[in-house]
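See structure below.
Please read all numbers here as calculations on a predicted model, not as lab measurements. Quick note: residue numbers are just sequence positions, from 1.
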Amino acid sequence: LGNLCRWLAEQAEALGVEIFPGFAASEILYNEDGSIKGVATGDMGIGSDGEKKDAYEPGMELHAKYTIFSEGCRGHLGKQLIQQFNLDQDVSPQHYAIGFKEIWEIDPEKHSEGLVVHGAGWPLSMGKNPTGGSFLYHFEDNQVLVGLIIDLNYQNPHLSTFDEFQRFKHHPEIKKYLEGGKRVAYGARAIAKGGLNSLPKMTLPGALIVGCDAGTLNFAKIKGSHTAMKSGMVAAETIFSALEKGDEGGKDLVEYTENFKNSWVYEELYKSRNFGPALHKFGTLAGGAFNFLDQNIFGGKMPFTLKDNSLDYAQLKLASECAKIDYPRPDGVLSFDKPSSVFLSNTNHEEDQPCHLQLKDPSMPISVNLPKWDEPAQRYCPAGVYEVIEEEGVPKFQINAQNCVHCKTCDIKDPSQNITWVVPEGTGGPNYPNM
Ligand SMILES: Cc1cc2nc3c(=O)[nH]c(=O)nc-3n(C[C@H](O)[C@H](O)[C@H](O)COP(=O)(O)OP(=O)(O)OC[C@H]3O[C@@H](n4cnc5c(N)ncnc54)[C@H](O)[C@@H]3O)c2cc1C
Ligand code: SF4
């Protein structure tokens, strides 16, 4: 996908599109009538104390007749817009998973370009919770992509998403390919998997929200690139058509909804609408059987729609009610520790900047989350950003923001909904050249 994005960027630039890869949009700008005016990029050169440093440069304002938000799953600005404009008032809550992916170079003898292996169950449950799925894709140059998707409605706060993934690679069907190979990349990212049932209204005055920022992923296939692209293409066509007719901008282009419904992406999402709710309601085995019938016999056209109106973060049970999980130590061959994994994500942040992981109430991790859920941030974060350390016998919540791989899981799964992920300075974040 990284290669495809680089190629697409070249095509866009050749058509005259300007791309600013070094600047994240950090703020939404509004016209006086409340419609979207554009975005502002973040200021550069602000220290961790909030003061301007010598290298300070103010952010830029980018104004447009229409702004398309496409930040991917749990976009920092998209989340604000969905809340502020109540775009999700008529749909089920969004559902999420965390997806891990590694690239391995394997023994050419074991490589079979094009081979796809999908799995469900172990190391997760064949029952109702925790659920998820796995993949192993053989692609070019003797490389494979291996990954585990863990639904973020899991209940046991002792679950460590990272350790589940490390454990997964020891399954005989996976191990047989990876043994003798070399891990070359590691990454993690949340997935918005609620599909059509959770898809908010994608238009608002002066703006549209597309792709995984809205939630266009087809969870039955765990594929969202094609649907994200199509939702963006329909947005471009809708805006182009409006501007051609002399539209001055700032309107709610509700015709997008109709255009989206008339595109193949709507039909695809309609057919897969029961997939996620079936797994949540019936578990991996029974839900999988239902999905087999729904997808393969009925073509996704069963005459009813299953819905899951629960909130993923609210599913965590108290730590005292759940069994601790004894994860095996990484063997350094198939499984690894977090620091060496984060190193392979190439994540990098300017150290002296305000923390981009903001706590609404800084006391909550220790006063509420620790006693109730043994502060699960220590285990759901795939990069070891959150730690509870002891200082003179007193527990302290520590945020190692430099390690963050921008997966957004903390913004989603914190049971107190106390963490807000905001864009860090400039190009800070992981660098996934081939993921
Ligand atoms: C482990 C895993 C495996 C997957 N496998 C597949 C697969 O095999 N096939 C498939 O089709 N899909 C797959 N997906 C899903 C797919 O990656 C997404 O559906 C797809 O990338 C969504 O595209 P998008 O453009 O909406 O968002 P993204 O691809 O997330 O792109 C959003 C971009 O916006 C940038 N951004 C975010 N916020 C800002 C901001 N404020 N300012 C500026 N830039 C910003 C981000 O850095 C990012 O580059 C997988 C996902 C995961 C996690
Ligand atoms: S801090 Fe949050 S966004 Fe960053 S890697 Fe950890 S869970 Fe993901």
>> More than 12 heavy atoms of other residues, nucleotides or ligands under 6.0 Å from NZ of Lys251: yes or no?
In response: yes
> For the residue pair Cys212 and Ala192, what are the closest heavy atoms and their distance?
Replying inline: O-CB, 4.0 Å
>> Working note: Leu316 + Lys372, criterion side chain to side chain contact (heavy atoms under 4.5 Å, CB included); need CA distance, chi angles, decisive distance, verdict.
In response: CA-CA 10 Å; Leu316 269 192; Lys372 281 188 158 182; over 6 Å; no
>> Using the rule given for side chain to side chain contact (heavy atoms under 4.5 Å, CB included), can you reason through Leu159 versus Glu164, listing the C-alpha separation, both sets of side-chain angles and the distance that settles it, and then say yes or no?
In response: CA-CA 8 Å; Leu159 184 146; Glu164 293 292 343; 4.0 Å; yes
> Parallel under 30°, tilted from 30 to 60°, perpendicular over 60°: which one fits the rings of Trp264 and His226?
Replying inline: parallel
> Given side chains that start at C-beta, do those of Tyr177 and Leu115 come closer than 4.5 Å, heavy atoms only?
Replying inline: yes
> Any ion pair linking Lys52 and Asp43 (charged N to carboxylate O, less than 4.0 Å)?
Replying inline: no
> Hey, is the main chain of Glu71 close enough, under 3.5 Å, to the side chain of Asp213 for a donor-acceptor pair?
Replying inline: yes
> NE2/His349 to CG/Asn403 distance, rounded to the nearest 0.5 angstrom?
Replying inline: 9.0 Å
> Do Asp151 and Thr131 have side-chain N/O donor and acceptor atoms under 3.5 Å apart?
Replying inline: yes
>> If I take atom CD1 from residue Ile419 and atom CD from residue Gln358, how far apart are they, to the nearest 0.5 angstrom?
In response: 11.5 Å
>> Main chain of Glu51, side chain of Asp49: is a donor-acceptor contact present, judged purely on distance under 3.5 Å?
In response: yes
>> Tell me the closest heavy-atom pair linking Pro415 and Trp373, and the distance in Å.
In response: CG-CE3, 3.4 Å
> To the nearest 0.5 Å, what is the distance between NZ (Lys169) and CG (Asp331)?
Replying inline: 8.5 Å
> Under the 3.5 angstrom rule, does the side chain of Arg74 hit a backbone N or O of Asp411 as a donor-acceptor pair?
Replying inline: yes
> Any chance NZ of Lys110 has more than 12 other-residue heavy atoms, nucleotides or ligands included, within less than 6.0 Å?
Replying inline: yes
> Which pair of heavy atoms, one from Ile209 and one from Leu81, lies closest together, and at what distance?
Replying inline: CD1-CB, 4.0 Å
> Side chains of Ile239 and Leu208: closer than 4.5 Å at any heavy-atom pair?
Replying inline: yes
> Is a side-chain donor or acceptor of Gln315 paired with a backbone partner of Tyr154 at a separation under 3.5 angstrom?
Replying inline: no
> Is the count of non-hydrogen atoms from other residues, nucleotides or ligands lying under 6.0 Å from Arg6 atom CZ greater than 12?
Replying inline: yes
> Have Asp414 and Asn369 got a donor and an acceptor in their side chains that come within less than 3.5 Å?
Replying inline: yes
>> For Phe135 and Tyr137, take the angle between the two ring planes, folded into 0 to 90°, and tell me which bin it lands in: parallel under 30, tilted 30 to 60, perpendicular over 60.
In response: parallel
> Could you go step by step and tell me if His111 and Phe139 meet the ring-ring contact (aromatic ring centres under 6.0 Å, His included) rule?
Replying inline: CA-CA 9 Å; His111 192 259; Phe139 71 124; 7.9 Å; no
>> Using the rule given for side chain to side chain contact (heavy atoms under 4.5 Å, CB included), can you reason through Leu62 versus Thr67, listing the C-alpha separation, both sets of side-chain angles and the distance that settles it, and then say yes or no?
In response: CA-CA 9 Å; Leu62 299 165; Thr67 306; over 6 Å; no
> When rounded to the nearest 0.5 angstrom, what distance separates OH in Tyr432 from CG in Leu344?
Replying inline: 10.5 Å
> Any donor-acceptor pair under 3.5 Å linking the side chain of Asp141 with the backbone of Gln143?
Replying inline: no
>> Counting only heavy atoms from other residues, nucleotides and ligands, does the tally under 6.0 Å from CD of Glu351 exceed 12?
In response: no
>> Do Gln402 and Asn400 pair up side chain to side chain, a donor and an acceptor below 3.5 Å, judged on atom types alone?
In response: no
> Sub-3.5 Å donor-acceptor pair from the side chain of Gln155 to the main-chain atoms of Lys317, do we have one?
Replying inline: no
>> Using side chain to side chain contact (heavy atoms under 4.5 Å, CB included), reason through Glu375 and Tyr386 one step at a time and then give a plain yes or no.
In response: CA-CA 9 Å; Glu375 185 42 278; Tyr386 300 106; 5.9 Å; no
>> I'd like to know if the side chain of Ser231 reaches the main chain of Gly211, judged simply by a donor and an acceptor atom lying under 3.5 Å from each other, with no hydrogens or angles considered.
In response: yes
> What residues form a ring pair (Phe, Tyr, Trp, His ring centres under 6.0 Å) with Phe219, not counting sequence neighbours?
Replying inline: Phe275
> Do the charged groups of Lys53 and Glu350 touch, with an N to O distance under 4.0 Å?
Replying inline: yes
> What class does the angle between the rings of Trp122 and His171 fall in, given that below 30° is parallel, 30 to 60° is tilted and above 60° is perpendicular?
Replying inline: tilted
> Does Tyr30 OH have over 12 foreign heavy atoms under 6.0 Å away?
Replying inline: yes
> Within a strict 4.5 Å, meaning less than it, do heavy atoms of the Cys410 and Val385 side chains meet?
Replying inline: no
> Does the side chain of Arg189 reach to within under 4.5 Å of the side chain of Cys73, using non-hydrogen atoms?
Replying inline: yes
>> Once rounded to the nearest 0.5 Å, what's the spacing between atom CG of Leu253 and atom OG1 of Thr238?
In response: 7.0 Å
> Counting only heavy atoms not in Asp361, do more than 12 sit closer than 6.0 Å to its CG atom?
Replying inline: yes
>> Quick check: do Ile191 and Tyr96 have side-chain heavy atoms less than 4.5 Å from each other?
In response: no
> For Ser341 and Arg183, which heavy atoms make the closest approach, and how far apart are they?
Replying inline: OG-NH1, 3.0 Å
>> Would you say CZ of Phe343 has more than 12 non-hydrogen atoms from neighbouring residues, nucleotides or ligands within 6.0 angstrom?
In response: no
> Where the side chain of Asp88 meets the backbone of Ser198, is there a donor-acceptor pair that is under 3.5 Å apart?
Replying inline: no
>> If the threshold is 4.0 Å, N to carboxylate O, is there a salt bridge linking Asp374 and Arg379?
In response: yes
> Going by the angle between their ring planes, with limits at 30° and 60°, are Tyr186 and Phe162 parallel, tilted or perpendicular?
Replying inline: perpendicular
> Taking all non-hydrogen atoms of both residues, which atom of Ile19 and which atom of Ala12 are closest, and how far apart?
Replying inline: CD1-CB, 4.4 Å
> Can Lys230 and Glu268 be counted as an ion pair, charged N to O under 4.0 angstrom?
Replying inline: no
>> Donor-acceptor check, side chain of Thr347 to backbone of Cys404, threshold 3.5 angstrom: yes or no?
In response: yes
> Quick one: does Lys101's side chain have a donor or acceptor within less than 3.5 Å of a partner on Met435's backbone?
Replying inline: yes
> If you round to the nearest 0.5 Å, how far is OG of Ser134 from CD1 of Ile222?
Replying inline: 8.0 Å
>> Strictly below 4.0 Å, N to O, side chains only: are Lys176 and Glu179 in salt-bridge contact?
In response: no
>> Just checking Gln11: does its CD atom have more than 12 heavy atoms from other residues, nucleotides or ligands closer to it than 6.0 angstrom?
In response: yes
> Is the closest side-chain heavy-atom distance between Asp33 and Pro205 below 4.5 Å?
Replying inline: no
> Any side-chain heavy atom of Asn431 sitting closer than 4.5 Å to one from Asn348?
Replying inline: no
> Does some side-chain heavy atom of Leu148 sit less than 4.5 Å from a side-chain heavy atom of Pro123?
Replying inline: yes
>> So which atom in Ala214 and which in Gln94 form the shortest heavy-atom distance, rounded to 0.1 Å?
In response: O-NE2, 3.3 Å
> What do you reckon, are the aromatic ring centroids of His406 and His76 less than 6.0 Å apart?
Replying inline: no
